[in-house]
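Written below as structure tokens is the structure these notes are about.
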Amino acid sequence: MFTLLFTILTFLVFGKLLIFAVKASWGLARILVTIIFLPLVLVGLVVAGVIYLAVPLLVIAGIISLVKTHN
């Protein structure tokens with residue numbers, strides 16, 4: 001009986017920790033993409049001579065950042 005109770009509670013605790021870990025890593029991934037990856041891609045496009053693709057991407061990112069509400 002105690003083994004069953006222990007097993008159930010263990011799954012509950014580690015399940016909540018797993019959900020927390022996924023949320024934390026998702027937030028970290030969003031920050032990395034926004035601050036590091038997107039500017040590097042835009043600079044890379046400009047250096048490669050594909051400015052006609054970089055400018056619309058920059059405009060779209062700017063509009064999204066202006067429209068999106070911050071929590």
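Both backbone and side-chain heavy atoms feed into the values below; hydrogens, waters and symmetry mates do not. In this chain, numbering begins with 1 at the start of the sequence shown. Since the model is a prediction, treat every value here as computed from it, not as a measurement.
- Following chains of ILVMFWY side-chain contacts shorter than 4.5 Å, one can reach Tyr52 starting from Leu38, so the two form part of one hydrophobic cluster.
- In the hydrophobic clustering of this structure, Val50 does not group with Val43; members are Ile, Leu, Val, Met, Phe, Trp, Tyr whose side-chain heavy atoms approach within less than 4.5 Å, directly or through other members.
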Hey, can you pull the donor-acceptor pairs under 3.5 Å for the side chains in residues 8-36, sequence neighbours left out?
| unit_1 | atom_1 | unit_2 | atom_2 | d |
| --- | --- | --- | --- | --- |
| Thr10 | OG1 | Phe6 | O | 2.6 |
| Ser25 | OG | Ala21 | O | 3.2 |
| Ser25 | OG | Val22 | O | 3.0 |
| Thr34 | OG1 | Arg30 | O | 2.8 |

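- Between the OG1 atom of Thr7 and the CZ atom of Phe2 there is a distance of 13.0 Å, given to the nearest 0.5 Å.
- Results of the side chain to side chain contact (heavy atoms under 4.5 Å, CB included) test with Leu45 over Leu58, Leu40, Leu57 single out Leu57 as the only residue that passes.
- Partners of Ile51 under the side chain to side chain contact (heavy atoms under 4.5 Å, CB included) rule, at least two apart in sequence or in another chain, are Val46, Val55.
- The two residues Ser65 and Gly62 have their closest heavy-atom pair at OG-O, 2.8 Å.
- Looking at residues two or more places apart in sequence or on another chain, you find a side chain to side chain contact (heavy atoms under 4.5 Å, CB included) between Ile63 and Val59, Val67.
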